[in-house]
Amino acid sequence: MSDNNYPRHVAIIMDGNGRWAKKRGLPRALGHRQGGEAVRRVVKAAENLGLECLTLYAFSSENWKREEEEISDLMGLMRRFIEANLKDMIERRVRLRIIGDYKAFAPDIVEKLEDALEQTKHGQRTLAVALNYGAQQEIAHAARLAAEEGSIDSETISRHLYTTDLPPLDLLIRTSGEVRLSNFLLWQSAYAEMLFLDVLWPDFGEDDLRQACEIFVTRERRYGGR
Ligand code: FPP
């Protein structure tokens, strides 16, 4: 896309897997599985739309509070997702980035993730996945490092965030009708447009992402000016 106003970086809070399953009388695990299919679709859609970076909130630092069985389902999904998509990501030149403290995951997942990071590092577009991520923790950590450097200003803090090498966040989308940020990209959202959509994540597809980007284009961003 050569349109100057088109978003470069879109982030999504993927919400509603559980409700999608409940509506159909299915176990939550199936909702997450369909959520995984939506991830595949949307990564392709982001490429078709020419986005430079897509950031997905896959596992928050608060998600550890869920039932053990659900956490284990999500971890299984993560393993299968990497196994099933790594080759495709390399071929499509998608660079994987992880934001969050992923090293708290099981050793085999950490190993798979690090292998995927290494194998995709020359990709041209970025898929950033938030894993064991919490924005307040990220900001506190960055502020600590900035303090060690002796300059607690916004430029130095930004440089120590996980997202330092990503384009500025243009558009933040949350699915499922909930209207809150849930500790996601709090610093990076300072000037981002926000879109809260009623669609449940497993139903989200290319058309939804395209429409969201079109709505973004029609919004006038002011950055505090007039
Ligand atoms: C929110 O739905 C979704 C999650 C907590 C997990 C998101 C994970 C995926 C979409 C699949 C795995 C992702 C990758 C990158 C492989 P919810 O369970 O909170 O839904 P509810 O609010 O309706 O209960």
Side-chain angles (χ1 to χ4, degrees), residues 10-49 51 54-89 94 96 98-102 104-106 108-110 112-113 116 127-135 171-185 189 194-215:
V10 175
I12 309 181
I13 301 175
M14 309 182 286
D15 196 9
N17 294 348
R19 275 162 285 169
W20 184 93
K22 194 169 179 197
K23 259 175 50 180
R24 290 165 175 75
L26 298 170
R28 289 179 68 80
L30 273 182
H32 290 313
R33 199 184 302 168
Q34 287 306 309
E37 288 306 309
V39 171
R40 284 159 66 103
R41 282 199 302 274
V42 170
V43 171
K44 293 218 169 92
E47 180 184 349
N48 294 340
L49 294 170
L51 300 186
L54 175 71
T55 299
L56 300 176
Y57 204 3
F59 196 89
S60 80
S61 43
E62 287 76 34
N63 283 153
W64 295 112
K65 294 181 200 146
R66 295 195 176 199
E67 300 274 331
E68 218 170 289
E69 190 185 336
E70 182 170 359
I71 295 175
S72 147
D73 287 338
L74 285 167
M75 295 298 151
L77 207 54
M78 217 87 78
R79 286 188 180 89
R80 288 196 298 280
F81 187 87
I82 306 166
E83 280 161 12
N85 293 286
L86 179 58
K87 193 163 160 273
D88 201 42
M89 284 179 67
V94 176
L96 179 69
I98 298 169
I99 63 172
D101 183 14
Y102 69 94
F105 285 1
D108 73 296
I109 298 188
V110 173
K112 280 191 209 311
L113 288 170
L127 170 64
V129 183
L131 296 175
N132 193 19
Y133 173 86
L171 174 63
L172 180 86
I173 299 169
R174 182 172 189 147
T175 60
S176 93
E178 306 290 342
V179 184
R180 57 178 175 274
L181 295 181
S182 300
N183 207 14
F184 188 49
L185 300 181
S189 301
M194 296 191 194
L195 210 45
F196 298 92
L197 304 174
D198 284 334
V199 57
L200 300 175
W201 176 250
D203 291 327
F204 193 92
E206 174 149 10
D207 285 347
D208 298 289
L209 185 62
R210 179 178 295 108
Q211 276 170 28
C213 291
E214 282 165 9
I215 292 171

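Heavy-atom basis, side chains included; hydrogens, waters and symmetry copies ignored.
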Atom pair [atom1] ([X]) and [atom2] ([Y]), whose distance is rounded to the nearest 0.5 Å:
X: Q34; Y: L77; atom1: CD; atom2: CG; answer: 10.0 Å
X: K23; Y: L200; atom1: NZ; atom2: CG; answer: 5.0 Å
X: L197; Y: I13; atom1: CG; atom2: CD1; answer: 11.0 Å
X: D108; Y: L113; atom1: CG; atom2: CG; answer: 9.5 Å
X: L171; Y: L51; atom1: CG; atom2: CG; answer: 9.0 Å
X: I12; Y: L195; atom1: CD1; atom2: CG; answer: 10.0 Å

For residues [X] and [Y], determine if any side-chain heavy atom of one lies less than 4.5 Å from a side-chain heavy atom of the other.
X: L96; Y: I82; value: no
X: M89; Y: L127; value: yes
X: V43; Y: L54; value: yes
X: N48; Y: R210; value: no

Where [X] and [Y] come nearest, the two heavy atoms and their spacing:
X: G31; Y: P202; answer: O-CG, 3.8 Å
X: R41; Y: G205; answer: NE-CA, 3.9 Å
X: S176; Y: R19; answer: OG-NH2, 2.9 Å
X: I71; Y: R66; answer: CD1-O, 3.4 Å
X: G134; Y: N183; answer: CA-ND2, 3.5 Å
X: R174; Y: R180; answer: NH1-O, 2.7 Å

Would the distance check show the side chain of [X] and the main-chain N or O of [Y] forming a donor-acceptor pair, the cut-off being under 3.5 Å?
X: R24; Y: W20; value: yes
X: S189; Y: L185; value: yes
X: D101; Y: N132; value: no
X: S61; Y: Y133; value: yes

Take the angle between the ring planes of F59 and W64 and call it parallel below 30°, perpendicular above 60°, tilted in between.
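Geometry flag for W64 against F59: perpendicular rings.
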So does E83 pair up with R79, basic N to acidic O under 4.0 Å?
no
Worked check of side-chain contact (heavy atoms from CB on, under 4.5 Å) between Y57 and D15:
CA-CA 9 Å; Y57 204 3; D15 196 9; over 6 Å; no
Using the side-chain contact (heavy atoms from CB on, under 4.5 Å) rule, take F105 and M78 through it: C-alpha gap first, then chi angles, then the decisive distance, then the call.
CA-CA 11 Å; F105 285 1; M78 217 87 78; 4.0 Å; yes
May I have the step-by-step check of side-chain contact (heavy atoms from CB on, under 4.5 Å) for L209 and E206, ending in yes or no?
CA-CA 5 Å; L209 185 62; E206 174 149 10; 5.8 Å; no
List the steps, then state whether side-chain contact (heavy atoms from CB on, under 4.5 Å) holds for Y102 with I109.
CA-CA 9 Å; Y102 69 94; I109 298 188; over 6 Å; no
Passes salt bridge (charged side-chain N to carboxylate O under 4.0 Å, His left out), E47 versus K44? Steps please.
CA-CA 5 Å; E47 180 184 349; K44 293 218 169 92; over 6 Å; no
Should we count CD of E69 as having more than 12 external heavy atoms under 6.0 Å?
no
